[in-house]
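See structure below.
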Amino acid sequence: MPLQLNDSSSANFIQEIIENDIKSGKYNGRVHTRFPPEPNGYLHIGHAKSICLNFGLASQYNGLCNLRFDDTNPVKEEAEYIDSIKTDIKWLGFDWDDRLFYASDYFEKFYEYAVQLIMDGNAYVCDLTPDQIRQYRGTFKTPGKDSPFRSRSVDENLDLFSRMKKGEFKNEEKVLRAKIDMSSPNLNMRDPVLYRILHETHYRTGDTWCIYPTYDFAHCISDSIEGITHSICTLEFEDHRHLYDWVLDTLGIYHPQQIEFARLNLSNTVMSKRRLLDLVKQGLVTGWDDPRMPTLSGLRRRGYTPEAIRDFCDRIGVAKRNSIVDVALLEHCIRENLNKTAMRVMGVLNPLKMVIVNYPDDKEEELDAVNNPEDPAMGTRKIPFSKVIYIEKDDFLEDPPKKFFRLALGREVRLRYAYYVRCVDVIKDDTTGDILEIHCTYDPETRGGSSPDGRKVKGTIHWVSAAHAFDAEVRLYDHLFKEKGSDSDGKSDEMALNKDSLITLHSCKLEPGLKEAEKGDIFQFERVGYFCVDNRVSSPGHPVFNRIVTLRDSWKKIKNRQRQ
RNA sequence: UGGGGUGUCGUCAAGUGGUAAGACACGGGUUUUUGGAGCCCGCAUUCGGAGGUUCGAGUCCUCCCACCCCAGCCA
C-alpha cells in the first residue's frame, strides 16, 4: 500500500503542481523525484521531511524516487556517511530499489557538457583569483564587471579546460565560468563558476579528477540525466532556479522543474549542521546519535518510531513560508503511536519504600496485569507482590494540596492491579526529617484492585515488589533548549542549553520481567512515560532505559496552576 | 534605497471572488483500576496595514509595512 501524504486533507502546493502537470500531459504524466543528500553529515528530522515529501509524492502518484548522493565536493564528503544515510532512509520506511545514484558517476558527462558549453561560446576559462572574482561580481546594488578573460577564443578555452582536467594548474588558478550576464540583478547569473580545480582525493573517484563541477552545474544535469520531473529543494535555492533553467536550456537537454519549499524548523532545538556539530564537538551531547539530537539516529536511539516521524511529516504540511513547528506536535505523534503499541509495565523511578504492615511477612503472590488496554490481543502477565514494595516518591505527600488524589497519611489509594492500601504511619530520619518509609495496611478483600463493598478510591499508583525488583539505570531526556526558538529565528546562537536535558537515574525499581528487555524494546511505564532500551550502552541482562516522552500529565498542570 | 520569496488563531496549515477547514497547544466537561487513552464542548466577526474595484474581497487592483534568502572556486 502506498504511503499517502495528507490522505484526507487538501493537497499542498506541490501536489497541486504535479496534479496539473499530470492533467496537462507534461512529462507524459510521469512523476519522478529524487532525494539528493550530500554525504557530509548525518540525516536529521528536517531531512525526514524532504524524504517523506519526495518518496511520498512518488508513491502517491505511481512514480519513482531516486536516492542520489550529491557528491561533487571531495573536500567535504566521506564514504562513512553513505551507509548511515542509507540506513536512515530505509529505517524511515522508504526504498529506492535499484535507483541508487551518485553525482560522481556523471563526472564524465558533466565534463562533456562543459565542453559543449565552451564550444557554443557559453562558457570560458577565467584566471581571476577568488578574491578578484568576488570584486568583479559587484554587489547587490552595483553591477559586476566582465572578466578580462571573458572573450577568450573557443579554442583557447578548450585547450585551457582540458589542461585544467589534466592537472596542469594549481587550485584556484583557473575556473570554468558560464558566460551569462555580469550585470544581472540575480548574482547567481553573473558568470557563475561551473568547475573548479581541486587537487583532492574523492572518496569514490579517487584521483581520477582534479576538477569538480559546482552544485549549480551538476545538480540540474544530474536531474536531467535521471529524467527527474519535479526537482524539489528548499527555499534558499529559489535564486538558483534561473541558473538551473539556463544551464539546461542552453545545453538543450531534458528539463525537469525545480520547486522550492520551506525547510523544517523545530522548536526547542537546532537543525543546522553547524549548530549540531557544535553540540557534538563541545561535548554537550555524547555524539550524533545522542538521544537528545534531532538526527534520525538520535531519534531512533531515543525510541522514536518511523511511523511517528512519518505521521509528523504528514501533519506539518508543505508550504513556502518559514516557520517553526512546535516540538509538542512531534511528541504528540510518538505518544499516539506508542499508546496503541507499547507494552505496559510498572517501574518506579524515584523509589519510596512502603511496608504493608498487615501483610504476612513471607507471603508472595502473583497478580494479573494487562499488557495493553488499547490492545487486548497483547494479553496479560503476572507480577509479583509482597509485603515490602516501592512506590514513587511523588505519590506520597505529607501535606497534600487540594485535588491531590494520591497517598497521604490516613488516605487510601489503589495499588495498580493489587490492593487498596491505607497509610498509617510515616517513618522519618530523626536528624534530617527525610521520609524513610511509609507504613500502610491493605484490605485483603480488594485483591485485583476493586472492593466488594463498592468503596471507591480516587487514586491509583504504581509499585514494584522490593524483593523482586530489578534495578536499572533510566535516563530522562528533555528538550535540548528551553526556549521555543530554532535556527530560523536568528536567536539560536544565544539560546541557552537546557541543563536538565539529561537526568540519569540509577537503581530505579522495575518489575522483574524487564531484566530480559532487549535493545530497542519499547515500554510504557504506567503513569510515567514511554521508554526505550538504549541500543548502545545496554547489554544482555543490563538494559538501560531512555525516556522517549512523558505521558501527558494533567496533575502537573493543576499543580502549576495552584502554584500561581 | 538590486533581485528572489513570504505574511490567515499561541504553533503549524487549508482557503483559488460567495461570506474563515483541520491539527497541535490551551480551557472546560464526561468517562476511567494509568490524573494515560477515549469521548464531548469551547477556542480568528477576521486574514500584516491602508485605500480601491465588486451586490459580495483572505482571495482582484494600488500603495505601504514586516520578515526570510542571495555578493563560496559550499550544497
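Chain letters run A, B, ... following the sequence lines, proteins first, then strands; residues in each count from 1.
- Across all strands shown, H462(A) has no heavy atoms under 4.0 Å from either base or sugar-phosphate atoms.
- Contacts of Y212(A) with the nucleic acid, taken as non-hydrogen atoms under 4.0 Å apart, are absent.
- Nucleic acid contact class of T129(A) (heavy atoms, under 4.0 Å, all strands): base.
- Counting any heavy atom pair closer than 4.0 Å across all strands shown, R137(A) reaches sugar-phosphate atoms only and no base atom.
- Closest-nucleotide positions on RNA chain B for L415(A) and V193(A) were compared, and the one nearer the 5' end corresponds to L415(A).
- Counting any heavy atom pair closer than 4.0 Å across all strands shown, R335(A) reaches no nucleic acid atom.
- Taking the six-membered ring for Trp and the full ring otherwise, Y111(A) and F161(A) have centroids separated by under 6.0 Å.
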Identify all pairs in which a protein N or O lies below 3.5 Å from an N or O of nucleotides 28-31 of chain B, and state each distance.
{"from": "G28(B)", "atom 1": "OP1", "to": "R561(A)", "atom 2": "NH1", "distance (Å)": "3.1"}

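- The 5' end of RNA chain B is approached more closely, in terms of each residue's nearest nucleotide, by A418(A) than by the other of A418(A) and L198(A).
- Between atom CD of residue E307(A) and atom NZ of residue K340(A) there is a gap of 11.5 Å, rounded to the nearest 0.5 Å.
- If you check every strand for non-hydrogen atoms under 4.0 Å, L128(A) touches a base.
- Put simply, F140(A) rests on the base of C70(B): the two rings are less than 5.5 Å apart at their centres and nearly parallel, under 30°.
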